Amino acid sequence: MFEKVLIANRGEIALRIHRACREMGIRTVAVHSTADADAMHVRLADESVCIGPPPSKDSYLNIPAIISAATIAGADAVHPGIGFLSENARFAAMVAEHGITFIGPTPEHLSLMGDKVRAKEAAAELGLSVVPGSAGALVDDIEAMAVADRIGYPVLIKAAAGGGGKGMKVANNRGEMAESLALARAEAKAHFGSDAMYLEKYLSHPRHIEIQVLADTHGNVVHLGERDCSLQRHHQKVLEEALSPALNAAQRTAIGDTVVRAMKKLGYRSVGTVEFLFQDGEFYFIEMNTRLQVEHPISEMITNIDLVREQIRVATGAPLGFTQDEISFLGHAIECRINAEDPDTFLPSPGLVTDFHAPGGLGVRVDSALYAGYRVPSHYDSLIAKLIVHGKTRNECLMRLRRALEEIFVGGIKSNIALHRRIIAAPDFINGD
Amino acid sequence: MFEKVLIANRGEIALRIHRACREMGIRTVAVHSTADADAMHVRLADESVCIGPPPSKDSYLNIPAIISAATIAGADAVHPGIGFLSENARFAAMVAEHGITFIGPTPEHLSLMGDKVRAKEAAAELGLSVVPGSAGALVDDIEAMAVADRIGYPVLIKAAAGGGGKGMKVANNRGEMAESLALARAEAKAHFGSDAMYLEKYLSHPRHIEIQVLADTHGNVVHLGERDCSLQRHHQKVLEEALSPALNAAQRTAIGDTVVRAMKKLGYRSVGTVEFLFQDGEFYFIEMNTRLQVEHPISEMITNIDLVREQIRVATGAPLGFTQDEISFLGHAIECRINAEDPDTFLPSPGLVTDFHAPGGLGVRVDSALYAGYRVPSHYDSLIAKLIVHGKTRNECLMRLRRALEEIFVGGIKSNIALHRRIIAAPDFINGD
Amino acid sequence: MPKFDIDEALLRKLAALLTETGLTEIEYENGEQRIRVNRGGGQVTFAAPVAPAGQPTPASPAAVPVGPPAGAVVSPMVGTAYLAAEPGGTPLVKAGDRVKKGQTLLIIEAMKVMNPIPAPEAGVLESVLINDGQPVEYGEPLMVIR
Amino acid sequence: MPKFDIDEALLRKLAALLTETGLTEIEYENGEQRIRVNRGGGQVTFAAPVAPAGQPTPASPAAVPVGPPAGAVVSPMVGTAYLAAEPGGTPLVKAGDRVKKGQTLLIIEAMKVMNPIPAPEAGVLESVLINDGQPVEYGEPLMVIR
């Protein structure tokens, strides 16, 4: 087991990792920017190292600073968390070169799945069906037109290096192609420095279904069922639930087994999530996240498996402590992402948190690094808390979520709590549509 | 199902009941003293009625005021919570006379188990072995001496109407009898207005084991396993765990079945707890609590059963939704009672709570009506929060509890958090002794 | 006793040194001389937010209970208030009446018992704050006497 | 009473020592002379603040981070600080030296790269706050120039 783990992240996920380490008897090293000197995970960690000024590129994305901190602190492993360097193959490789364990997949798998085009090719080889589209990056508009004509409109134009909806455009007919391609290329260039694009069939009413996998270094792979992240705003997840109200047991087992087979064939290790679009009974692979995900707690709630604990365990080379047959799904779980943002304009709302009251009681879990007196920095993403609720049934879960949203209170800054109250009151959502 | 439930209690248990009601779509009526106008359950309830001044006898023990409030508010049921009127047979009967459902056992069972002497007689008839002692209330000291000589010293002298360690004394030999009897009588008289005493064998190193039962009005009874409340201070529970590290599966099944049989024979309904002293493999009945208990959440954590929800369901006349076979025990749970008291002197510490930070994350539950800015009144008991932690194993549970105790913070008043940190660090406790 | 004269300039200098060096305390002694300055480590007064969790605004009526008006007669119990001795009867008192101390102002029914509520003091009944047959809670203002 | 004159430089030196050693208080007595300096624990160090997790920031030392002393040279990176050009060599500078702007004061090794740290301004090197071979974090005061 590791003696000391450096947590190369911030916010609630850094706290989540710290908690898992503490519960495993592992010492923690928090690295932080000057803006996060008072952050909860910094206060709770056994050691902390300031690695740079507020901008992420100079701190949480500052590879030399983080590796120096790990070396100086004598950490024997680094947990990259979510975002920042978590899917950076170069970082993973450099950590390993310094004789420190990277708690995550191999650099090869990080780079493979980091490239949306190569990822789709790999998925197809691994037996996962993909959305019909261009074989790879488009050479030019002529090829784009040809592909679009073949697979039929509407089509979705995506940046090869993209994510989070950036560099993504829909063309409903041939006439819109030229403009959509131009816009998407411009966005992609701006956000990812590359305007390599690809193109695929646009699904009109797909559900976003993702399968959580966990793999050790001995070839054992299990899945923890699916998460339904269909409820999004501008391609950003707002609320997730597990299991999906849209899948039946047969579909669940089928896609689960397919993904496990694929991961075994790939030789994947650590935690990961394979994301699909689900429409008319068909699963189309869209991408794989080679890291922990923000919504991982809902899978933990329905399986009683501590994903971060297991991720750390397998990183030490330990084999999985259970088989697929030993994983059963108990009840229903929903996660609400509480963001420091205006519930109407969705503009970020950083600042001093004058009061924070977390809801409690049976079946309610809050993952948050907030505390009264904490100042939400303006330099990072606006996620301030995750409200996770579990119930025996989806209805019990919804009723519990409703009362928990009545209790939670964040003072001093604006948040999207009101938005969540509206969402769960919407008939469509209650019906699982 | 009930339309509207009046919660005849205060503090965290009133909030616990409110939460269960909200999750069942039942409207809540909070009754409160003037000292509790700002209490959390009052703020969250659909309606609230002020029933009197701070002293309990004029408010939370004021039967006419509570029943008037229930009548005026049009509540169709009353939940008595824990303590106050929860075991008051007269109150239960009057509630029923007003055409309102009392969420609890029959008045007959309340009065039977409320009398420690009659309770032991009943237990014996129901097939539960009792600690050898006086057949009933002692006539005089001569009889006391005779009984003590028969069962052997040391002996425990208890008030027939007693509870919470009041009116309880140990006599190690014949010489101590007279004084111990006098002291116990005086205490009993002062606290319960009756000096009727009984006497039983004093067990030198017993464990306090209690069995949680749940019964509907159709003769169905199940048990939710045991709770181990051996860790007490002056006969007051400080920390409880489920399941008990001292019982094996065979003992668990045996005592569980015995209790279920006894409750069926008694025709008991609602939730209840049968308390035993456990020593050298033997269970000795000591008393039955005919109500919800402070430590009920640990049983909920290991069974995934919402006890308050079920208690309300069976009160409507609905049959139990599950059988004993469908109840399985998952992992281990521990509850710490956080009191507003000096951790060294144990003196109450009421006052303004300037800050309250609840720990979160996987497997951590907090039942508390506390919030920053709340003033803990000096008129009531000092329980301000219950920290409940669940883990796959007892060790995982202990590690999680340790890190949760590192995170919890109550500012402005003194609390026994430091005491709990000391307790869980003690080798004896870690070893389950 | 001799006048204890303080070197203000020195104190200002030490205070400045606290700020400059980030110290929270300086104690200095020289023979009989001893000086000590302290700036409590970040003792910024913390305004505890009386924010009702689960409620949209920190400023909630429950948070700031309003006291009864001066001269108010408040309800001693939970029950139903009646302004007349019998249903449909004429009110026992009305606004503007001069009332004697101990005079029955209204009746509160609790548990089927009729409880007459007497005037706590003599005066003029300024206003009646409740309606006939209205449920009242403990401490609720019923009437105002001036 | 005689003029109470204090040794400012000594106080600054002690303040610097607090930073360097991570102490929160130093008390010094010499015959009739006695001096004590204390810092509320807000100093930058590799140990996390001991403030209770949920403690409101305004009441926590960490909430009022102690700024580096005026004229302090702070570390631009995380690494290991060396006062000499080569192991066991003579220090590049020592307290009392007059330094030119841009003159190399020390070297910080990060990722096996030696980074010379130049003097941001000319002046007298008042104090060296770190030891040779000591790990330093971003923003940590290294030396003070007056």
Side-chain angles (χ1 to χ4, degrees), chain B residues 6 8 15 18-19 22 29-45 47-55 58-60 62-74 94-95 97-98 351-356 358 368-375 411-413, chain C residues 40-69 72-83 87 106-117 120 129-142:
Chain B
L6 180 138
L15 179 58
H18 165 82
R19 285 168 167 165
R22 291 295 290 157
V29 181
V31 293
H32 63 89
S33 74
T34 50
D36 282 335
D38 288 340
M40 183 62 82
H41 77 284
V42 175
R43 294 180 168 200
L44 292 173
E47 300 171 37
S48 71
V49 181
C50 181
I51 53 170
D58 302 322
S59 49
Y60 298 106
N62 183 341
I63 294 177
I66 292 169
I67 291 182
S68 298
T71 313
I72 288 167
M94 285 180 76
V95 168
E97 284 160 20
H98 284 73
L352 180 68
V353 176
T354 55
D355 192 61
F356 174 53
S368 174
L370 224 55
Y371 60 88
Y374 173 69
R375 187 171 290 281
I413 57 171
Chain C
Q43 271 168 14
V44 181
T45 48
F46 175 62
V50 186
Q55 297 189 19
T57 69
S60 137
V64 196
V66 186
V73 179
V74 300
S75 176
M77 68 187 73
V78 179
T80 307
Y82 295 107
L83 298 176
L106 74 163
I107 289 152
I108 294 181
E109 176 189 358
M111 307 282 293
K112 307 195 168 41
V113 177
M114 297 295 175
N115 307 279
I117 308 301
L129 307 175
I130 49 151
N131 301 321
D132 188 51
Q134 176 183 320
V136 293
E137 63 184 345
Y138 174 87
E140 181 168 346
L142 305 168

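Every chain is numbered from 1, with letters handed out A, B, ... down the list of sequences. Just so it is clear, the structure is predicted and the values come from calculations on it, not from any experiment.
Residue Thr34(B) touches chain C through its side chain alone, counting heavy-atom pairs closer than 4.5 Å. For Ser48(B), the part lying near chain C is the backbone, with the side chain staying farther off; criterion is any non-hydrogen pair under 4.5 Å. Met111(C) touches chain B through backbone and side chain together, each having a heavy atom under 4.5 Å away.
Residues Val78(C) and Ile51(B) come closest through the heavy atom pair CG2-CA, 3.6 Å.
Taken to the nearest 0.5 Å, the OG atom of Ser68(B) stands 9.0 Å off from the NZ atom of Lys112(C). Considering OH of Tyr138(C) and CG of Asp58(B), their distance stands at 7.5 Å, rounded to 0.5 Å.
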